Amino acid sequence: MLLEVRDLHVEFRTRDGVAKAVNGVTYGVDEGETLAVLGESGSGKSVTAQAVMGILDTPPGRVTGGEVVFQGRDLLTLKEEERRRIRGAEMAMIFQDALSALNPVLTVGDQLAEMFTVHRGMSRKDARAKAVELMDRVRIPAARERVRQYPHQFSGGMRQRIMIAMAIALEPALIIADEPTTALDVTVQAQVMELLAELQREYRM
Ligand SMILES: Nc1ncnc2c1ncn2[C@@H]1O[C@H](COP(=O)(O)OP(=O)(O)OP(=O)(O)O)[C@@H](O)[C@H]1O
Ligand SMILES: [Mg+2]
């Protein structure tokens with residue numbers, strides 16, 4: 001198993017009391033597999049994803065029980081520094097709102113290139129070439145020109161593609177998508193889901 005979540009419990013301690021957001025979630029995801037999590041609003045889907053990713057709002061949130069075993073290691077026992085290294089490189093997350101996930105004052109090219117300069121120690125020139133390559137891979141037309149543009153200059157669907165490009169940049173073993181298409185209209189939703197499926201097939205080869 002690539003990821004095994006076992007009996008995960010998450011609580012939020014606020015002034016109004018303790019909210020038990022996740023009560024004993026268990027699931028496994030194998031390499032190449034897609035797992036869809038369904039549940040009503042407030043049932044803890046996002047909080048579970050945040051706990052796995054290590055981006056829980058702590059405090060008030062706290063994992064109070066269970067294990068998150070990723071590539072054979074229980075992430076909950078690792079130091080924050082180690083978790084940070086795994087995040088981005090080994091597992092990545094795609095959010096509902098690309099506009100708040102992307103930095104508004106940096107060009108998309110700079111943000112994509114940063115993945116390679118920071119995590120891979122690449123030169124700026126090589127990293128820039130990788131950024132264009134990634135934009136091509138997520139089917140952004142005229143990538144070579146658009147690499148110099150800022151997030152607000154893209155449509156919602158294209159911004160979502162850029163966030164997907166960021167997520168796949170370092171070829172992580174796991175991508176967690178939390179409602180990656182909710183903010184998009186139905187046609188664009190289908191295109192983004194199709195892109196994710198295509199990328200999954202490509203990276204398995
Ligand atoms: N920062 C926080 N402080 C206090 N409670 C929180 C916090 N974040 C989440 N919760 C609580 O955790 C519970 C689970 O929320 P979560 O966002 O995971 O639901 P969800 O299944 O993703 O819902 P939706 O379908 O609406 O996205 C909710 O009751 C919510 O109020
Ligand atoms: Mg949610």
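One-based numbering, in listed order, for ligands and for the atoms of each. None of these values were measured; they are calculated from a predicted model.
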*Asks:* If we ignore hydrogens and angles and just use 3.5 Å, is the side chain of Arg148 paired with the main-chain N or O of Val108 as donor and acceptor?
*Replies:*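 Checked: no pair found.
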*Asks:* Hey, does the side chain of Thr14 reach the backbone of Gly17 with a donor-acceptor pair shorter than 3.5 angstrom?
*Replies:*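 Yes, Thr14 side chain to Gly17 backbone: donor-acceptor pair under 3.5 Å.
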*Asks:* Have a look around the Mg ion (ligand 2) and list protein N/O/S atoms under 2.8 Å, or say none.
*Replies:*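 The answer is Ser46 OG.
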*Asks:* Below 4.0 angstrom, N of the basic side chain to O of the carboxylate: do Arg137 and Glu133 qualify?
*Replies:*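 Result for this pair is yes, salt bridge flagged.
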*Asks:* Under 3.5 Å, is there a donor-acceptor pair linking the side chains of Asp7 and Thr26?
*Replies:*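 No, Thr26 and Asp7 have no side-chain donor paired with an acceptor closer than 3.5 Å.
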*Asks:* Is it true that Glu11 and Arg13 have a side-chain N and a carboxylate O under 4.0 angstrom from each other?
*Replies:* yes
*Asks:* Compile the donor-acceptor pairs under 3.5 Å between side chains in residues 95-102 and protein atoms, sequence neighbours left out, one pair per line.
*Replies:*
residue: Asp97; atom: OD1; partner: Leu99; partner atom: N; Å: 3.1
residue: Asp97; atom: OD1; partner: Ser100; partner atom: N; Å: 3.4
residue: Asp97; atom: OD2; partner: Ser100; partner atom: OG; Å: 2.9
residue: Ser100; atom: OG; partner: Asp97; partner atom: O; Å: 3.3

*Asks:* Among residues at least two apart in sequence or on other chains, which ones pass side chain to side chain donor-acceptor pair (under 3.5 Å) with Asp110?
*Replies:*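 With sequence neighbours excluded, Asp110 shows a side chain to side chain donor-acceptor pair (under 3.5 Å) to Thr107, Arg128, given in chain and number order.
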*Asks:* Using a 4.0 angstrom limit on heavy atoms, which residues are close to ligand 1?
*Replies:* Phe12, Ala21, Glu40, Ser41, Gly42, Ser43, Gly44, Lys45, Ser46, Val47, Asp57, Pro60, Glu179
*Asks:* Looking at Glu80, I want to see if its CD is surrounded by more than 12 non-hydrogen atoms of other residues, nucleotides or ligands under 6.0 Å.
*Replies:*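 Enclosed.
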*Asks:* Run the salt-bridge test on Glu4 and Arg6 with the 4.0 Å N-O cut-off and return the result as yes or no.
*Replies:*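 Looking at Arg6 together with Glu4, the answer is yes, because their closest N to O distance falls below 4.0 Å.
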